[in-house]
Student: 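Quick one: the structure is below, questions incoming.
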Amino acid sequence: ISINKSISIKGLYPTNKPIVHIQFVMENGVQNVEIKNLEMSGNYTDPLTNLPAVISSVFQYNTTGTSYGSLNVTNCNIHDYDKSIFSGSASIVSSVQSISMTGCVVTNVLTNSADCIDFRGGYVANLSLANSTFVNCAPARDFVRLDNSSTAFPGMVSNVLIDHCSLYKVSNTAGKRILYVRFATNTLKVTNSIIAETAALYTNQSLSAQPECSMNNYFNAPAFVTGGTDLAGVKFDLSSNYTILDPGFANPANGNFTISNQTLIDNKIGDPRWRP
């Protein structure tokens with residue numbers, strides 16, 4: 001579906017989300033888009049072949065030389081896409097004022113020949129992920145990739161915030177990054193989040209800012225803290241308040257990430273939906 005004007009697309013009942021098999025294509029510098037209370041599945045049956053098929057990206061920016069406004073994705077269940085959540089190819093040299101994802105669960109975005117949040121030629125001013133869960137996203141690629149398009153957008157700053165999120169087996173390959181951010185000037189903040197069961201690290205890029213971290217928990221995710229990897233140039237959590245506790249997930253194999261660790265519950269760490 002091409003979106004070329006400001007619009008809200010919402011499921012009527014938050015607890016009974018309509019299922020759509022869709023890719024939203026952002027066109028012509030659309031300014032205000034809200035997507036809410038949907039279940040978005042990348043698996044569908046190709047009407048031409050009657051065979052199973054997979055959609056590539058959830059949201060794709062598709063017009064170059066323009067300025068986009070805001071995209072807000074709230075209370076959605078997103079799963080089984082081949083490439084990316086949000087993407088703009090190297091040929092799309094456009095700015096995006098803000099992308100926010102709040103209260104969502106995103107599972108199995110497989111990043112085949114792509115990264116999970118992937119902007120190659122454009123500029124994203126503000127990216128915010130809050131109160132959301134990401135499971136098996138970018139299993140062998142980077143989670144957030146913002147390339148250095150500062151020549152086309154001089155003097156700009158790209159801001160990334162991950163707050164009260166739970167990341168499970170995200171970028172689960174040694175040397176892959178949660179924050180592969182190479183826009184010339186950037187701020188990176190990760191707070192109150194659980195990162196679990198991954199061989200990834202924050203970043204090893206010279207253009208990436210030192211991540212500003214506070215009250216995060218890393219479980220079986222050693223490369224996020226000092227001494228966890230000897231890979232050159234790695235930027236660790238330098239805060240004094242991180243933990244490495246077992247969250248005690250209820251049943252991660254079946255998508256239940258309810259935590260039982262009382263310290264994490266008391267400190268309100270991770271996606272709020274999983275705190276009893």
Side-chain angles (χ1 to χ4, degrees), residues 21-26 35 39-44 52-62 71 73 76-92 96 99-101 104-122 124 127-129 132-149 158 160 162 165-183 186 188 190 193-205 207-208 211 220-221 223-224 229 231 234 252 255 257 271:
H21 305 272
I22 206 70
Q23 178 185 83
F24 290 111
V25 179
M26 314 295 284
I35 308 295
E39 179 172 347
M40 303 174 65
S41 171
N43 289 332
Y44 73 108
V54 183
I55 300 169
S56 59
S57 300
V58 190
F59 297 93
Q60 183 176 25
Y61 286 79
N62 207 40
L71 168 61
V73 184
C76 290
N77 182 13
I78 298 170
H79 56 91
D80 300 309
Y81 282 79
D82 189 50
K83 292 181 180 291
S84 303
I85 307 172
F86 308 105
S87 70
S89 71
S91 64
I92 305 301
V96 181
I99 296 173
S100 70
M101 175 172 277
C104 296
V105 176
V106 184
T107 308
N108 297 337
V109 177
L110 301 181
T111 56
N112 289 312
S113 301
D115 296 286
C116 201
I117 297 171
D118 192 345
F119 288 85
R120 308 290 179 97
V124 179
L127 170 66
S128 172
L129 309 175
S132 295
T133 297
F134 300 88
V135 180
N136 192 39
C137 292
R141 297 289 295 245
D142 299 304
F143 183 54
V144 176
R145 176 174 179 168
L146 305 178
D147 278 349
N148 188 11
S149 58
S158 188
V160 178
I162 300 174
C165 288
S166 297
L167 281 64
Y168 182 83
K169 294 188 176 180
V170 170
S171 297
N172 187 21
T173 299
K176 294 303 178 182
R177 294 143 295 217
I178 298 298
L179 299 170
Y180 187 50
V181 178
R182 301 187 293 177
F183 194 83
N186 58 83
L188 308 174
V190 183
S193 293
I194 295 172
I195 299 177
E197 302 290 355
T198 179
L201 46 91
Y202 271 130
T203 186
N204 60 351
Q205 297 298 295
L207 288 178
S208 296
N220 285 343
F224 293 86
T229 177
L231 189 66
V234 174
F257 293 91
D271 185 341

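Note that the coordinates shown come from a computational prediction; the quantities given were computed from them, not determined experimentally.
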Student: Suppose we screen for side-chain hydrogen bond (donor to acceptor under 3.5 Å, both in side chains). Which residues come up paired with T107, at least two apart in sequence or across chains?
Tutor: none

Student: Going by ring pair (Phe, Tyr, Trp, His ring centres under 6.0 Å), name the residues that satisfy it together with F119, two or more places apart in sequence or in a different chain.
Tutor: Y61

Student: Taking side chain to side chain contact (heavy atoms under 4.5 Å, CB included) as the test, write out the residues that go with A140, two or more places apart.
Tutor: T173

Student: Mind checking side-chain hydrogen bond (donor to acceptor under 3.5 Å, both in side chains) for D80 and listing every partner two or more places apart, or none if nothing turns up?
Tutor: N108

Student: Which residues satisfy the side chain to side chain contact (heavy atoms under 4.5 Å, CB included) test with T229, sequence neighbours excluded?
Tutor: A223, L231, V234, F236

Student: So, the side chain of N172 versus the backbone of A199: is there a donor-acceptor pair under 3.5 Å, distance only?
Tutor: yes

Student: Using a 4.5 Å cut-off on heavy atoms from C-beta on, say whether the side chain of V73 contacts that of I85.
Tutor: no

Student: Looking at every non-hydrogen atom in both residues, tell me the closest pair between S57 and S87 and how far apart they are.
Tutor: OG-OG, 3.6 Å

Student: Check ring pair (Phe, Tyr, Trp, His ring centres under 6.0 Å) between F134 and all other residues, then give those that pass, not counting sequence neighbours.
Tutor: F143

Student: Quick one: list whatever passes side-chain hydrogen bond (donor to acceptor under 3.5 Å, both in side chains) with Q23, sequence neighbours left out.
Tutor: S56

Student: Output yes when a side-chain donor or acceptor of R141 lies under 3.5 Å from a complementary backbone atom of A114, and no otherwise.
Tutor: yes

Student: For R120, check salt bridge (charged side-chain N to carboxylate O under 4.0 Å, His left out) against everything at least two apart and list the hits.
Tutor: D115, D118

Student: Output all residues satisfying ring pair (Phe, Tyr, Trp, His ring centres under 6.0 Å) with F24, sequence neighbours left out; order by chain, then residue number.
Tutor: F59

Student: Mind checking what makes side-chain hydrogen bond (donor to acceptor under 3.5 Å, both in side chains) contact with S149, not counting sequence neighbours?
Tutor: none

Student: Using the test salt bridge (charged side-chain N to carboxylate O under 4.0 Å, His left out), find all partners of D147 that sit at least two apart in sequence or belong to another chain.
Tutor: R145, R182

